[in-house]
Amino acid sequence: STPKLAPTIVKPQELISLLNLNAESISTVSVYSTMGELITSFQVSNQEQLTFPAAQQTGYYVVDVQTETEKVSLRYIVK
C-alpha cells in the first residue's frame with residue numbers, strides 16, 4: 001500500500017507518523033520546505049513506519065519517500 005502521513009495538519013514539533021513504508025526495502029525520507037530547502041532526512045530500513053517531529057515554522061512541507069522502485073511525495077501543514 002502507499003505511504004501516508006498521519007496527521008497531516010499539526011502544531012509545530014508535533015509528532016507525525018509516516019505509515020505503510022515498504023519493510024522489504026530501504027526508504028529515504030526527505031522533508032522539504034515550500035521553498036525547496038531540505039529540512040531533514042532519514043534512512044529507514046525494515047520498518048513499516050517512521051515517527052518524526054513536525055517542523056518548527058508554520059507552513060507547508062513536502063515529504064519525499066524514495067525507495068529503489070518508487071518515489072512518493074506527501075504534504076503536511078504546520079499551523
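Position 1 is the first residue of the sequence; numbering continues from there. These values consider heavy atoms only, across backbone and side chains, with no hydrogens, waters or symmetry-generated copies. Everything quoted here is computed from the prediction, not taken from an experiment.
Separating the OG atom in Ser27 from the CZ atom in Phe42 is a distance of 12.5 Å, to the nearest 0.5 Å.
For the pair Thr58 and Lys79, the tightest heavy-atom approach, listed with the atom from each and the gap, is CG2-C, 3.7 Å. Ala54 approaches Val78 most closely through the heavy-atom pair CB-CG2, 4.1 Å.
Transitive grouping of hydrophobic side chains (ILVMFWY, heavy atoms separated by less than 4.5 Å) keeps Leu50 and Leu19 in distinct clusters. Hydrophobic clustering keeps Leu18 apart from Val62 (ILVMFWY residues linked when any side-chain heavy atoms are closer than 4.5 Å, directly or through intermediates).
Applying the salt bridge (Lys or Arg N to Asp or Glu O under 4.0 Å) test to Lys11 and every residue at least two apart in sequence or in another chain returns nothing. Considering only residues two or more places apart in sequence or on other chains, Pro7 meets the side chain to side chain contact (heavy atoms under 4.5 Å, CB included) condition with Val10, Glu14.
In the displayed structure, Glu24 atom CD is contacted under 6.0 Å by at most 12 heavy atoms of other residues, nucleotides or ligands.
Contact annotation: the side chain of Tyr61 never approaches that of Thr40 to less than 4.5 Å [non-hydrogen atoms, C-beta and beyond]. Val63 places none of its side-chain heavy atoms less than 4.5 Å from the side chain of Tyr32. Considering only heavy atoms from C-beta on, Leu38 comes within 4.5 Å of Ser30 through its side chain.
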Taking distance alone, no hydrogens or angles, what donor-acceptor pairs closer than 3.5 Å link side-chain atoms of residues 64-76 to residues at least two apart or in another chain?
| unit_1 | atom_1 | unit_2 | atom_2 | d |
| --- | --- | --- | --- | --- |
| Asp64 | OD1 | Ser73 | OG | 2.5 |
| Thr67 | OG1 | Thr69 | N | 3.3 |
| Thr67 | OG1 | Thr69 | OG1 | 3.4 |
| Thr67 | OG1 | Glu70 | N | 3.1 |
| Thr67 | OG1 | Glu70 | O | 3.4 |
| Tyr76 | OH | Ala55 | N | 3.0 |

Quick one: do Ile16 and Phe52 satisfy side chain to side chain contact (heavy atoms under 4.5 Å, CB included)? Show the steps, please. CA-CA 5 Å; Ile16 299 175; Phe52 62 94; 4.1 Å; yes
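Note on residues 42-57: pairs passing side-chain hydrogen bond (donor to acceptor under 3.5 Å, both in side chains), not counting sequence neighbours, are Ser17-Thr51, Thr28-Gln43.
In the hydrophobic clustering (ILVMFWY side chains linked at under 4.5 Å, chained through shared members), Tyr60 is joined by Ile9, Ile77. Through ILVMFWY side-chain contacts below 4.5 Å, Ile26 is grouped with nothing and stands alone.
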